[in-house]
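Starting from 1, each residue takes its place in the sequence as its number.
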Amino acid sequence: MRLDKLLSNMGFGSRKEVKKLLKSGGVRIDGEPAKDGKEQVNPETSEVTVHGELVEYKPYIYLMLNKPQGVISATEDDQHRTVLDLLLEEHLIYDLFPVGRLDKDTEGMLLITNDGKFSHSLMSPKRHVKKTYYAKIEGQVTEEDIALFKQGVQLEDGYVTKPAELVMLSSGPTSEIELTITEGKYHQVKRMFAAVGKHVTFLKRIAIGGLPMDEHLSVGECRELTEEDKRALFQE
């Protein structure tokens, strides 16, 4: 990789700014001064420093965000805050995008990355990656609902959902549930409950695959995924 591209990608400024940085003599490769941005460098094996600070090369980044309500799952929007507006400056040097989406009024676990293959693997209908939600429901959830969801529910447009696991946490005029689905149709959780005559008043995603939402993340906070986290995402 060209030295100037490496420095630019790692947040040391535009190509023009990096050129000035190189001219200043603050960049070294394996301890030797480097002033030519065209110089080829192996970021995996070479030690690149800027004013004595080691440049840590990471081509991809994977973040878990505890998305708040009122923020949209997009990279840019003229009228609303997006999930990228919640990230740290150090993350924004990457060309990030959300993996899938959460509705504007839904909160909870959202993954953000710049790795297209990773995103496709998680979102591909062929992978059937589970997504688990906690919800408050206006109306009494019953054993009959659990059985219906297990079979698949017919939505208002005629589509029959894949089997879903509905767990009743409390049942009454307002019920609390957890629901695990393996697909991501538009407003799917809300539409599934509407199909059985009930209304979702609060919705939060609490897990993807075998990875639960980090309980230490406050609403609006994010952290990088570990290798163990990434493996857990694809666990049944």
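Side-chain atoms of Ser73 come within 3.5 Å of backbone N or O of Leu102 as a donor-acceptor pair. In this structure, the side chain of Ser175 engages the main chain of Gly139 through a donor-acceptor pair within 3.5 Å. Proximity of a side-chain donor or acceptor of Asn114 to a complementary backbone N or O of Ile61 within less than 3.5 Å is detected. Panel note: side chain Lys117, backbone Asp115; no donor-acceptor pair is recorded below 3.5 Å. Between the Lys67 side chain and the Thr106 main chain, a donor and an acceptor come within less than 3.5 Å of each other. Lys5 places no side-chain N or O within 3.5 Å of a backbone atom of Gly37 that could act as its donor or acceptor partner. In this structure, Asp85 contributes its side chain and Thr82 its backbone to a donor-acceptor pair below 3.5 Å.
Remark: of the listed residues Val153, Val141, Val196, Val141 is the sole one forming a side chain to side chain contact (heavy atoms under 4.5 Å, CB included) with Leu166.
Cluster partners of Leu88: none. The rule joins Ile, Leu, Val, Met, Phe, Trp and Tyr whenever side-chain heavy atoms lie under 4.5 Å apart, and it links nothing here. In this structure, Phe202 belongs to a hydrophobic cluster whose other members, linked by side-chain heavy atoms under 4.5 Å apart, are Tyr134, Val167, Leu169, Ile206. With side-chain heavy atoms closer than 4.5 Å counting as contact, directly or through intermediates, Leu54 stands alone and belongs to no larger hydrophobic cluster. Cluster partners of Val160 are absent, since no Ile, Leu, Val, Met, Phe, Trp or Tyr has side-chain heavy atoms less than 4.5 Å from it.
Remark: Glu76 engages no residue in a salt bridge (charged side-chain N to carboxylate O under 4.0 Å, His left out) (not counting sequence neighbours). For Asp103, the salt bridge (charged side-chain N to carboxylate O under 4.0 Å, His left out) test picks out Arg101, Lys190, with sequence neighbours left out. In this view, Glu156 and Arg191 satisfy the side chain to side chain contact (heavy atoms under 4.5 Å, CB included) rule, not counting sequence neighbours. In this structure, Glu143 has no salt bridge (charged side-chain N to carboxylate O under 4.0 Å, His left out) partners at least two apart in sequence or on a different chain. Take Lys58 and apply the salt bridge (charged side-chain N to carboxylate O under 4.0 Å, His left out) test, not counting sequence neighbours, and it matches Glu224.
Listed by first and then second residue, the ring-ring contact (aromatic ring centres under 6.0 Å, His included) pairs involving residues 37-79 are Tyr62-Phe118 (not counting sequence neighbours). The salt bridge (charged side-chain N to carboxylate O under 4.0 Å, His left out) pairs that include a residue from residues 192-221 are Asp145-Lys198, Asp214-Arg223, where partners are two or more places apart or lie in different chains. Within the structure, no pair that satisfies the salt bridge (charged side-chain N to carboxylate O under 4.0 Å, His left out) test touches residues 22-45, not counting sequence neighbours.
A continuous path of hydrophobic side-chain contacts links Leu3 to Val50 [ILVMFWY only; heavy atoms under 4.5 Å]. Cluster membership for Tyr94 and Leu111, using ILVMFWY side-chain heavy atoms within less than 4.5 angstrom, is not shared. Note on Met10 and Ile29: same hydrophobic cluster, where clusters join Ile, Leu, Val, Met, Phe, Trp and Tyr whose side-chain heavy atoms are under 4.5 Å apart, directly or indirectly.
Taken to the nearest 0.5 Å, the CZ atom of Phe149 stands 7.5 Å off from the OG1 atom of Thr161.
Of all heavy-atom pairs spanning Pro68 and Val219, the tightest one is CB-CG1, 3.3 Å.
Looking only at atom types and distance, the side chain of Gln188 has no donor-acceptor partner in the side chain of Tyr133 under 3.5 Å away.
In this structure, the side chains of Phe193 and Leu179 come closer than 4.5 Å at one or more pairs of heavy atoms.
Few gaps surround NZ on Lys230; more than 12 heavy atoms of other groups in view lie less than 6.0 Å from it.
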